Amino acid sequence: YENLGYTGNVDLSAPAGTAGTLLLDPKIVLFQAAVGADDAQIADGTINFADGGTVTFTIGEAAMEAFVGNLVIEATSAAEAIGTSFTLNLSAVGNEGFSLTTRNDIALGDVAGDIHLFRMSIVGAGAGAITIQGSSSGVATSNVTVGSISTVGGTITIDTNNGFVNLLGAINAGAATVTVRADGGAGDITTLGNVTGTDVTYTAADSVTFGPAAITVTATNNLVVIAVGDVTDLADVDFSVLAGNASFTSTGGDVILGDDLGTTLNFGNLTINAGGNASIAEDSGTTLTGSNVVAGTLTLSATANFSFGALLVPVSVTAASLAVTAGVSIFDFDDADLAVTGNASFTAGTTVTLGDEPLSDQNYGSLTVNTGAGISIVNEDSAMSLLGASVSAGTLTLNSTGAIGGTGSASATTLTLAAAGGGAIGSVGDPLDVTASTQLDASTAGGASIFLASAATVPLGVVNAGAGTFALT
């Protein structure tokens, strides 16, 4: 058929086995709440595909709800829920699932066509899977728009091989996974309803947008978002990853999350990659793990502690520039590698402790550190160049395997500067600006000199330039 509708009752239950499958294969499928006009087509419990004609059929809600078995509908071009909005309650007998696919293969005589199901909510009573797929061939466009879909432990998959995906209602797989994919064509994914699952995965050939709507995205384990374009959220969007990792990737755009009013982000661990810039503001502590590569500026903030890596969990960061802000402390664990070609800025409410763990390799084009009271230590595995004002209300120790210099300044209650490997601190023509209200310690190795400048009196502690020159102006 070019157009097919289904109303009636077909029992494919199997008390001693797996429920059977009913396959419908028209050109266009229309779903509606009312009873269809062609119930006689399946009055004997069968649908005869050999029947000819191009009569338009519709699938009625009651017939589908009475159906026992896995319902598989394959349309060559399009599918749509029409008329009054309704809820399709799938049978719990045999854990029935629901699958809807459009082929859209021009070589086989199909045409482009969309799936519009925003007038039909789908509720799975059993653990059967629900799958909505547009353009299985990937040849012609099939955009997919769905309303609410829920299961009781059944996976939910919504995708298209050529087009965009719009989620207009709540998608809830309970203790199962949710997969959303938009490949080829426009390739955008827009989420306007709550999304819940153990693992939630988005893959888009273009952008992924959460909102604008008051929605919550919840993953019991992991949340994975991969896009070629931008990954963004709008106002009133909440993210909650309860136990696992939240991973956001934009291969050719920006990742910007948590910068709008009413948005709340809480992740177990976080991994971020972007071909442009990336900015994530988390409303709790942040643990950055895995490989993080950002071509532009990486901006991260946490209202509590910010950790590079975790116990036995390595992390690497590669970025053009890096800005990290934490409400409490910033610190790292073993095997934390940071490579920033431009400025790396660390701002913490209390302390910053970086580079003091084994197997870590941390290098910055320039460095800015601002901390509260407490003991802060930053170790760099190369020459250290300060940019702007680095200020600590407590103790600040800056250690470098090379020289320590730059156009910036360092100020702390107790300030310690240590340059290894024969590197100097400051230079004759450009002494390093320092301020220490309680004590200043400075040391070099190999006879390298120390050149400092201060607008205020600096109480000197241990100063060791070996055979080099020490000057404080």
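What you see is a predicted model, and the numbers here were worked out from it, not measured in a lab.
A donor-acceptor distance shorter than 3.5 angstrom exists from the side chain of N104 to the backbone of S135, with no hydrogens or angles considered. Remark: the backbone N or O of T347 is not paired with any side-chain donor or acceptor of N370 at under 3.5 angstrom. Under a 3.5 Å cut-off, the side chain of T218 and the backbone N or O of T196 do not form any donor-acceptor pair. For the pair D105 (side chain) and S137 (backbone), a donor-acceptor distance under 3.5 Å is absent. With hydrogens and angles disregarded, no donor-acceptor distance shorter than 3.5 Å links the side chain of D230 to the backbone of T232. Judged by distance alone, the side chain of T341 and the main-chain N or O of A320 form a donor-acceptor pair under 3.5 Å.
Side-chain N/O atoms of N245 and S247 include no donor and acceptor closer than 3.5 Å. S376 and S392 form no side-chain donor-acceptor contact under 3.5 Å, judged by distance and modelled atom types alone. The closest side-chain donor-acceptor pair between S321 and T297 falls under 3.5 angstrom. Between the side chains of N222 and D199, at least one donor N or O sits under 3.5 Å from an acceptor N or O. In the model, T131 has no side-chain atom that pairs as donor or acceptor with a side-chain atom of Q133 under 3.5 Å.
What you find for I122 and I132 is that their closest heavy atoms are CD1-CD1, 4.4 Å. The heavy-atom pair separating T368 from S390 by the smallest distance is CA-OG, 3.5 Å. What you find for L440 and L452 is that their closest heavy atoms are CD2-CD1, 3.6 Å.
T397 is not listed as a side-chain neighbour of D441, based on a closest heavy-atom distance of 4.5 Å or more. For the pair V195 and F239, the minimum side-chain heavy-atom distance is 4.5 Å or more. Side-chain atoms of N464 and T444, non-hydrogen and from C-beta on, never get closer than 4.5 Å to each other.
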Do any side-chain atoms of residues 202-217 form donor-acceptor pairs under 3.5 angstrom with protein atoms, and if so which ones, sequence neighbours left out?
from	atom 1	to	atom 2	distance (Å)
Y202	OH	T191	OG1	2.8
S207	OG	D188	OD1	2.8

Tabulate below the donor-acceptor pairs under 3.5 Å that side-chain atoms of residues 419-436 make, not counting sequence neighbours, or state none.
from	atom 1	to	atom 2	distance (Å)
S427	OG	D430	N	3.1
S427	OG	D430	O	3.4

Which side-chain N or O atoms in residues 298-309 pair as donor and acceptor under 3.5 Å with protein atoms at least two apart or in another chain?
from	atom 1	to	atom 2	distance (Å)
T303	OG1	S284	N	3.1
N305	OD1	S329	N	3.0
S307	OG	G309	O	2.5

Side-chain donor-acceptor contacts of residues 144-152 below 3.5 Å, not counting sequence neighbours, with atom names and distances?
from	atom 1	to	atom 2	distance (Å)
S148	OG	A170	N	3.3
T151	OG1	G154	N	3.1
T151	OG1	G154	O	2.5

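Listed by first then second residue, pairs satisfying ring pair (Phe, Tyr, Trp, His ring centres under 6.0 Å) with a partner in residues 353-404 read F346-Y364, not counting sequence neighbours.
Summarising the local packing, CD1 of I375 is surrounded by 12 or fewer heavy atoms from other residues, nucleotides or ligands at distances under 6.0 Å. No more than 12 heavy atoms of other residues, nucleotides or ligands sit less than 6.0 Å from atom CG of L261.
When the salt bridge (Lys or Arg N to Asp or Glu O under 4.0 Å) test is applied to R181, the partners found at least two apart in sequence or on another chain are D159, D183.
Residue N379 forms a side chain to side chain donor-acceptor pair (under 3.5 Å) with just one option from T401, T353, N399, and that option is N399.
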Exercise for the section: Check step by step if side-chain contact (heavy atoms from CB on, under 4.5 Å) holds for F470 and F451. Expected result: CA-CA 6 Å; F470 170 68; F451 298 96; over 6 Å; no
